[in-house]
Amino acid sequence: MSKITFPKDFLWGVATASYQIEGAWKEDGKGESIWDRFSHIPKKVANGDTGDVACDHYHLYPEDVKLLKELGVKTYRLSISWPRIFPEGKGQPNEKGMEFYKNLIKLLVENDIKPAVTLYHWDLPQKLQDIGGWANREVVDYYEQYARYVFKELGDLVPIWITHNEPWVVSFIGNWEGRHAPGITDFSTALQVSHHLLLSHGKAVRAYREMGFEGEIGITLNLVPVYPDPSSHNEEDAAAAIRRDGFQNRWFLDPVFKGRYPADMINWYSKKVVVPVITQEDLDIISTPVDFLGINYYAPGYIKADPDAWPLELKHVFTGKDRTAMGWEIYPEGLYDLLVRLHKDYNGIKIMVTENGAAFNDIVNREGKVEDDNRLDFLYKHFIQAYRAIQDGVNLTGYYVWSFMDNFEWAEGYAKRFGITYVDYKTQKRIIKKSGHWYKEVIKNNGFEV
Ligand code: FCB
């Protein structure tokens, strides 16, 4: 046995998002979000679940902050519900909504827990979807106004800001596959959405700098280490894997860090779909320097060419690895590969893992405990890969486990549990799982025995 120790001041944390935990969907003047609308449409979410109550964090937040303290986290990543602040998406702010976040964030600060705040984790005001949502360029300006107001109110309390969570998911799961709100199924719309999300990111970064704050601001991307199907060795599969990387990773990384979209993807899309109008001015805004890149890592992607799969002409294959309850293959080395690649291709940028974790079918045992060894094992193995990457020079400064507690897992509803804290949705009782107790020790020792 030997102990691995992370760099001094490594930021250990846990993450959540507003719609997934808050509940109180129409309290204190909150407006409707696209997830409120979507989850109430029959069959869109497993078991007809909605975020109406969720973990009732809106009311139970003082208790939840105590739990965070108990876990000993250095930082907590949360998101703000835009329609709680601007019920109509724009115009007059709703003071009650802001009061909730102020109280929560003050409590975190008092407890020595650094708040990391995401401005957009998918709950767009429905009123803005009614005018076209992210496909409408006006929404970019409303987002900037929302961002400016939030910075003004909370900028002095919050040291870490994230403009967007996973713009790939918002664009392509929300607007192409339609499995997420707003449930649109049009690839060209999805591409347009991706460009506007990136543009709004750049505008928020500029606004933050202009307003003179001292904290850090970045963006969170869900990145996938992509490999060709290991069982075949043909050129088509290799090319499909590069395309998948372009679609998933470089389409977002390159504009933010290099000021351009990847030429191979522009070329590919031009032959298949409507490519958004992209000006040099937009690209300059999008590539406004950020302080860090947030990455969410869950699983690798193994790719085969598939000429019938429009428009990308590729498909995913499974390679026989163990899978989580989401069906995602477990591959901790993928995190290492991803981190090293980002370090190399994007100039040694500072990185934080803003989400990593796993869903498993937890049970509460006869002693009232949740012995989730599978999740503990998952985290253990991923932390080791993060450590390896740091040893190899990657500038990784923090790690947020998804999630602080079980919550509303989007299209999967409450059926999939990602928490290191168990939530009994009937009683709202929380139980720290075995993985949570283990994580607490990791944080305390800034490392662990391997
Ligand atoms: C990510 C989301 C997060 C959570 C995890 C499992 O895509 O950012 O809200 O649902 O997946």
Side-chain angles (χ1 to χ4, degrees), residues 16-61 78-91 94 96-97 100-101 118-136 139 142-143 146 164-167 169-186 189-190 193 197 325-326 359 402-403 405-419 423-428:
T16 62
S18 49
Y19 188 73
Q20 296 180 275
I21 65 166
E22 284 176 3
W25 73 298
K26 29 179 178 186
E27 247 174 89
D28 292 339
K30 176 181 165 295
E32 188 188 16
S33 80
I34 56 173
W35 270 96
D36 293 315
R37 176 70 61 94
F38 189 75
S39 67
H40 283 94
I41 301 171
K43 303 223 161 67
K44 294 291 186 198
V45 175
N47 306 311
D49 291 340
T50 71
D52 294 3
V53 180
C55 306
D56 199 23
H57 174 72
Y58 189 78
H59 299 110
L60 300 179
Y61 77 89
L78 63 113
S79 80
I80 292 186
S81 158
W82 181 350
R84 232 183 246 300
I85 308 291
F86 289 98
E88 313 258 300
K90 56 180 171 155
N94 169 37
K96 278 273 182 196
F100 165 68
Y101 292 108
T118 308
L119 286 170
Y120 187 76
H121 200 128
W122 309 354
D123 37 4
L124 185 74
Q126 178 62 40
K127 279 274 194 291
L128 297 185
Q129 190 60 46
D130 295 344
I131 58 164
W134 285 107
N136 180 346
V139 171
Y142 299 139
Y143 171 86
Y146 156 64
H164 279 282
N165 179 71
E166 304 189 348
V169 172
V170 176
S171 307
F172 296 102
I173 309 289
N175 292 276
W176 174 38
E177 292 186 14
R179 285 190 289 118
H180 281 185
I184 291 167
T185 52
D186 182 70
T189 303
V193 164
L197 289 167
M326 295 294 278
W402 184 273
S403 175
M405 58 181 153
D406 296 336
N407 57 51
F408 177 84
E409 178 45 38
W410 308 112
E412 304 294 334
Y414 298 101
K416 299 287 185 273
R417 295 178 177 272
F418 273 91
V423 176
D424 178 338
Y425 294 106
K426 289 204 187 75
T427 60
Q428 292 298 347

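The shown structure was predicted, so the numbers you read here are calculated from the model rather than taken from an experiment.
Across every non-hydrogen atom of Ala181 and Trp35, the tightest pair is N-CZ2, 3.5 Å. The heavy-atom pair separating Ala54 from Gln20 by the smallest distance is CB-O, 3.7 Å. Taking all atoms of both residues into account, the shortest heavy-atom contact from Ser81 to Tyr146 is C-OH, 4.4 Å. Across all non-hydrogen atoms, the minimal contact from Leu197 to Pro167 is CD1-O, 3.7 Å. Of all heavy-atom pairs between Ala190 and Ser171, the closest is CB-O, 3.2 Å. Scanning both residues, Asp123 and Ser18, for their nearest heavy atoms gives OD2-OG, 2.6 Å.
Under the salt bridge (charged side-chain N to carboxylate O under 4.0 Å, His left out) criterion, Asp406 pairs with Arg417, Lys433, sequence neighbours left out. Asp424 pairs by the side chain to side chain contact (heavy atoms under 4.5 Å, CB included) definition with Tyr422, Lys426, Thr427, Lys429, not counting sequence neighbours. Scanning for salt bridge (charged side-chain N to carboxylate O under 4.0 Å, His left out) contacts around Asp49 gives an empty result, with sequence neighbours left out. With sequence neighbours excluded, no residue satisfies side chain to side chain contact (heavy atoms under 4.5 Å, CB included) with Lys26. Remark: Glu177 pairs with Arg179 by the side chain to side chain donor-acceptor pair (under 3.5 Å) rule, at least two apart or across chains. By the side chain to side chain contact (heavy atoms under 4.5 Å, CB included) test, Val169 pairs with Trp122, Glu166, Ile173, His180, Asn222, sequence neighbours left out. Not counting sequence neighbours, Glu409 has no partner by the salt bridge (charged side-chain N to carboxylate O under 4.0 Å, His left out) test. Under the rule for a ring pair (Phe, Tyr, Trp, His ring centres under 6.0 Å), His59 has no partner lying at least two apart in sequence or in another chain. Considering only residues two or more places apart in sequence or on other chains, His164 meets the ring pair (Phe, Tyr, Trp, His ring centres under 6.0 Å) condition with Tyr120, Trp134, Tyr143. Residues that satisfy the ring pair (Phe, Tyr, Trp, His ring centres under 6.0 Å) test with Phe86, not counting sequence neighbours, are Tyr149. For Phe408, the ring pair (Phe, Tyr, Trp, His ring centres under 6.0 Å) partners are Tyr19, Tyr414, not counting sequence neighbours.
Contact of the Tyr58 side chain with the Lys30 side chain is not registered, since no non-hydrogen atoms from C-beta on lie closer than 4.5 Å. Put simply, the side chain of Cys55 reaches to within 4.5 Å of the side chain of Gln428, judged on heavy atoms. At a threshold of 4.5 Å between non-hydrogen side-chain atoms, the residues Leu124 and Val139 count as touching.
No side-chain donor-acceptor contact under 3.5 Å links Asp186 to the backbone of Asn175. Panel note: side chain Asp52, backbone Trp25; no donor-acceptor pair is recorded below 3.5 Å. The main-chain N or O of Ser33 is found under 3.5 Å from a side-chain atom of Asp36 such that the two form a donor-acceptor pair.
Going from atom CG of Leu119 over to atom CD1 of Ile80 covers 6.5 Å, rounded to the nearest 0.5 Å. Here the CE-NZ distance, from Met326 to Lys416, works out to 7.0 Å after rounding to the nearest 0.5 Å. In this structure, OH in Tyr425 is found 5.5 Å from CG in Asn407, a value given to the nearest 0.5 Å. Expressed to the nearest 0.5 Å, how far CH2 of Trp82 lies from NE2 of His121 amounts to 15.5 Å. Separating the CD1 atom in Ile21 from the NE2 atom in His57 is a distance of 4.0 Å, to the nearest 0.5 Å. The NZ atom of Lys44 sits 15.5 Å away from the OG1 atom of Thr50 when rounded to the nearest 0.5 Å.
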Determine, stepwise, if the pair Thr16 / Ser403 fulfils side chain to side chain donor-acceptor pair (under 3.5 Å).
CA-CA 6 Å; Thr16 62; Ser403 175; 5.9 Å; no

Enumerate donor-acceptor pairs with a distance under 3.5 Å from any side-chain N or O in residues 125-133 to protein atoms, sequence neighbours excluded.
residue: Gln126; atom: NE2; partner: Asp130; partner atom: OD1; Å: 2.8

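Side-chain contact annotation: Thr118 with Asn165, donor-acceptor N/O pair under 3.5 Å absent.
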